[in-house]
Protein chains: 2
Amino acid sequence: MNLPKAWEILKENGFKETSKRQQILEMFSEDDRYLTARDLLDVMQKDYPSMSYDTVYRNLATFVSLGILEETELSGERHFRMQCESDHHHHHFICLDCGKIKEVPVCPMDMIGAALPSYQIANHKFEIYGKCPECQ
Amino acid sequence: MNLPKAWEILKENGFKETSKRQQILEMFSEDDRYLTARDLLDVMQKDYPSMSYDTVYRNLATFVSLGILEETELSGERHFRMQCESDHHHHHFICLDCGKIKEVPVCPMDMIGAALPSYQIANHKFEIYGKCPECQ
DNA sequence: TTCTAATTAAGAATCATTACGATTTACATT
DNA sequence: AATGTAAATCGTAATGATTCTTAATTAGAA
C-alpha cells in the first residue's frame with residue numbers, strides 16, 4: 001500500500017493527520033519489511049525525543065484495524081508491515097534475518113476440502129520462514 | 001505421545017524423573033489440547049503450593065527441545081501440547097475456545113514447487129483457527 | 001549411605017505491551 | 001486569524017508473561 005491510499009483510508013474514518021502518524025507510515029512505506037514497535041520508536045525518538053510507546057502501539061493498532069498494516073508474531077514479538085496491494089489472496093515467505101517478505105501465490109485452504117466437516121473456520125495462518133537470497 | 005515414550009526420551013538424554021515433571025507430563029497426557037504455563041501452574045499449585053513459574057517454563061523448554069511437546073503462539077501467549085504421534089507430516093485445526101486440535105492431513109509446502117528459487121527455507125507454519133463442533 | 005550434579009524454590013528482574021490523567025494539537029467553525 | 005472541541009500525544013505507572021539469580025533440595029550414581 002502507498003502513502004496516499006493510507007491517508008485516504010485514515011481520513012475516511014475520521015482520523016487526523018499528525019506528524020507522528022506521518023513518520024510511522026513513512027517508515028513502513030520506505031522499508032518493505034516487518035518492524036517491531038521498538039524498531040519504530042528507536043528511529044522516531046531521534047526526531048521526537050518525547051515519543052512514547054503508547055503512541056506507537058495505539059497507532060499500530062489503528063493501522064491494523066483499518067487494513068493499512070498487517071501483523072504477525074515472530075519469536076515472541078509483534079511485527080508489522082504495510083498491507084500488500086495484491087488483489088488475490090496469498091501468503092508470505094519471511095526472511096528471519098532482514099524481515100523482508102516474498103509473496104507466495106499458494107493458499108492451503110484450497111486443498112482442505114471436506115477435511116473439517118462441521119468445524120467453524122474463523123481464519124488461518126500460513127507462513128514460510130528462512131533466509132532470503134540477499135541474507136545467505 | 002504417551003508417557004512411557006516421553007520418559008524414555010528424557011532418560012536417554014540424562015534427565016531425572018522428578019515429581020514435577022511427572023505431573024506436568026500427566027496433565028498433557030490427559031488433556032489433549034493446548035495449555036499455557038499459567039494453566040499448568042494453577043492446577044499444580046494445588047498439589048505443590050510452592051511450585052514456581054521457573055520450574056514450569058524450564059521443563060516446558062526441555063520438553064519442547066526433546067520433541068515431547070509442541071508449541072504455538074495464540075493471542076500473545078505461548079501454548080503447549082503433546083507432540084502428535086502421527087508418522088506423517090501434518091498440520092492442525094485449533095479450537096480457539098477449548099484448545100483442542102484436529103489433524104489436517106495437508107501440507108502447503110507440497111505445492112510450493114519453484115515459487116521460492118534460491119530462498120533458504122528453515123521452517124513453516126500452517127494452522128487453521130475456529131470452533132470445533134463441540135464448542136459451537 | 002554418601003556424593004554430586006541436576007533440579008527446584010523464592011523472589012527479583014526484565015521485556016513487551018497497555019492504561020491513565022494531564023497536556024497538547026488538528027482542524028472545523030466563527 | 002482566533003476559538004472551541006474532540007482527538008491525539010506525553011510521561012509515567014501498571015500489567016502480564018517470561019527469565020534470571022542464588023540458595024536450598026533432591027534424584028540417582030558410586
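Protein chains get the first letters and strands the later ones, always in sequence-line order, with residue 1 at the start of each. When reading the values below, keep in mind they use all heavy atoms of this one structure, side chains included, and skip hydrogens, waters and symmetry mates. Treat the numbers as computed from the prediction; the structure is a model and nothing was measured.
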- Below 4.0 Å: OP1/OP2 of dC10(D) and any side-chain N or O of T55(A): yes
With a 3.5 Å cut-off and sequence neighbours excluded, list the donor-acceptor pairs that the side chains of residues 110-128 of chain A form with protein atoms.
from    : atom 1 : to      : atom 2 : distance (Å)
H124(A) : NE2    : H89(A)  : NE2    : 3.3
H124(A) : NE2    : H91(A)  : NE2    : 3.3
K125(A) : NZ     : T72(A)  : OG1    : 3.1
E127(A) : OE1    : T72(A)  : OG1    : 3.1
E127(A) : OE1    : Y129(A) : OH     : 2.6
E127(A) : OE2    : T72(A)  : OG1    : 2.8

- Message: To the closest 0.5 Å, what do you measure between CG (L60(A)) and OG (S65(A))?
- Response: 11.0 Å
- Message: Can you measure E77(B) atom CD to dG16(D) atom P for me and round it to whole angstrom units?
- Response: 11 Å
- Item | Members of residues 20-53 of chain B that approach DNA chain D, where some heavy atom sits under 4.0 Å away | R38(B), Y53(B)
- So, do M82(B) and L69(B) sit near enough that their side-chain heavy atoms are less than 4.5 Å apart? yes
- Message: Whole angstroms only, please: what is the CG-C1' distance between L60(A) and dT9(D)?
- Response: 15 Å
- Message: Here's a test of your reading of the structure: between Y57(B) and S19(A), which maps to the more 5' nucleotide of DNA chain D?
- Response: S19(A)
- Message: What is the distance, to the nearest angstrom, from the CG atom on L74(A) to the C1' atom on dC15(C)?
- Response: 17 Å
- For DNA chain D, whose closest nucleotide is more 5', that of T18(B) or that of G76(B)? G76(B)
- Determine the contact category for R58(B): base if any of its heavy atoms lies under 4.0 Å from a base atom, sugar-phosphate if only primed atoms, P, OP1 or OP2 are that close, otherwise nothing. base
- Task: Specify the separation, in whole Å, of atom CG of N59(A) and atom C1' of dT17(C).
- Result: 15 Å
- Message: Counting C-beta onward and ignoring hydrogens, is there a side-chain heavy-atom pair between L3(A) and E26(A) closer than 4.5 Å?
- Response: yes
- Query: Taking R33(B) for the side chain and C98(B) for the main chain, is one N or O donor matched with an acceptor at less than 3.5 Å?
  - Reply: yes
- Query: To the nearest Å, how far apart are E71(B) CD and dT18(D) C1'?
  - Reply: 12 Å
- For F15(B) and dT8(C), what is the distance between atoms CZ and P respectively, to the nearest whole Å? 11 Å
- Rounded to whole Å, the CD-P distance (E17(B) to dT8(C)) equals 12 Å
- Message: Checking contacts here: which listed nucleotide (dA5(C), dT8(C), dT18(C)) is nearest the side-chain heavy atoms of K16(B)?
- Response: dA5(C)
- Which part of the nucleic acid does D54(A) contact within heavy-atom distance under 4.0 Å: base, sugar-phosphate only, or nothing? base
- Note on the structure: Value for CE (M44(A)) from CE (M27(A)), rounded to nearest 0.5 Å, stands at 7.5 Å
- Side-chain donor-acceptor pair present, T62(A), N59(A), cut-off under 3.5 Å: no
- Message: Under 4.0 Å from OP1 or OP2 of dT19(D): is there any side-chain N or O of R78(B) that close?
- Response: yes
- Task: Return the value, rounded to whole Å, for the distance between atom CG of L10(A) and atom C1' of dC27(C).
- Result: 15 Å
